[in-house]
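This is the structure, below, for whatever I ask next.
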Amino acid sequence: MDSAILFENQHYVVCVTSAGLSVQNKRRNTGKVLPPDAPAFTDWLSSFQTATDKTESNNLARGFLS
């Protein structure tokens, strides 16, 4: 799997790598990784890939980390 940044703004960075889906909070220096074999991996990845705008991506990142 190729690594790619799916979304980035001043608060969050969302990446997909061979380790999984990584969402990092830049301001709090925290984050989570969802491994590719996790049941929700495909749904979260699809949600970030098909987000209609940066507001939706930001809300997804916030939701992922909560």
Side-chain angles (χ1 to χ4, degrees):
M1 174 184 292
D2 291 332
S3 297
I5 295 175
L6 302 176
F7 170 71
E8 184 172 14
N9 67 6
Q10 69 272 23
H11 301 285
Y12 303 104
V13 61
V14 179
C15 303
V16 63
T17 68
S18 59
L21 182 67
S22 170
V23 180
Q24 304 295 314
N25 183 318
K26 292 177 169 182
R27 293 189 176 207
R28 294 185 181 160
N29 202 24
T30 59
K32 292 182 184 177
V33 176
L34 186 65
D37 59 350
F41 177 82
T42 303
D43 292 336
W44 277 107
L45 180 60
S46 176
S47 294
F48 280 108
Q49 290 175 326
T50 60
T52 56
D53 59 20
K54 291 185 179 228
T55 300
E56 183 179 0
S57 294
N58 188 80
N59 290 337
L60 284 166
R62 184 181 305 130
F64 183 89
L65 292 175
S66 62

Task: His11 side chain near Arg27 side chain, heavy-atom distance below 4.5 Å - done: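 Result yes, sub-4.5 Å side-chain heavy-atom pair found.
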- [ ] Identify the heavy atoms of Asn9 and Lys26 that sit nearest to each other, and give their distance.
- [x]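 Taking every non-hydrogen atom into account, O-NZ, 2.9 Å.
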TODO: Can you measure from CD (Gln49) to OG1 (Thr42) and round to the nearest 0.5 angstrom?
DONE: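 Output value for this atom pair is 9.5 Å.
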- [ ] Report the C-alpha distance between Val16 and Phe41 in whole Å, list the side-chain angles of each, state the deciding distance to 0.1 Å, and finish with yes or no for side chain to side chain contact (heavy atoms under 4.5 Å, CB included).
- [x] CA-CA 10 Å; Val16 63; Phe41 177 82; 4.2 Å; yes
Open item on the list: Contact between Leu65 and Tyr12 at the side-chain level, heavy atoms closer than 4.5 Å - yes or no?
Closed with: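 Yes - at least one pair of side-chain heavy atoms lies under 4.5 Å apart.
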Task: Minimum heavy-atom distance Phe48-Leu6, with the two atoms named - done: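 Between these two residues, the closest heavy atoms are CB-CD1, 4.0 Å.
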TODO: Check whether any side-chain heavy atom of Thr17 lies under 4.5 Å from a side-chain heavy atom of Val33, and answer yes or no.
DONE: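 Side-chain contact under 4.5 Å: no.
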Task: Separation between CZ of Arg62 and CG of Asn25, rounded to the nearest 0.5 Å - done: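 Rounded to the nearest 0.5 Å, the CZ-CG separation comes to 10.0 Å.
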- [ ] Please report the closest heavy-atom contact between Cys15 and Ile5, naming both atoms and the distance.
- [x]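 Cys15 and Ile5 have their closest heavy atoms at SG-CG1, 3.9 Å.
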Task: For Ala19 against Pro36, the heavy-atom pair lying closest together - done: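 What the structure gives for the nearest pair is O-CD, 3.4 Å.
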- [ ] Can you see which heavy atom on Leu34 is nearest to which on Phe64, and at what distance?
- [x]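 So the two residues come closest at CB-CZ, 3.8 Å.
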Open item on the list: Show every salt bridge (charged side-chain N to carboxylate O under 4.0 Å, His left out) that has at least one partner inside residues 42-55, sequence neighbours left out.
Closed with: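 Qualifying pairs, neighbours excluded: none.
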Task: Minimum-distance pair of heavy atoms, taken over all atoms of Phe7 and Ser57 - done: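 That would be CD1-CB, 3.4 Å.
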TODO: Flag yes if Leu45 and Val23 sit in one hydrophobic cluster, no otherwise; membership is Ile, Leu, Val, Met, Phe, Trp, Tyr, and two members link when side-chain heavy atoms are under 4.5 Å apart.
DONE: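 Result: yes, single cluster for both.
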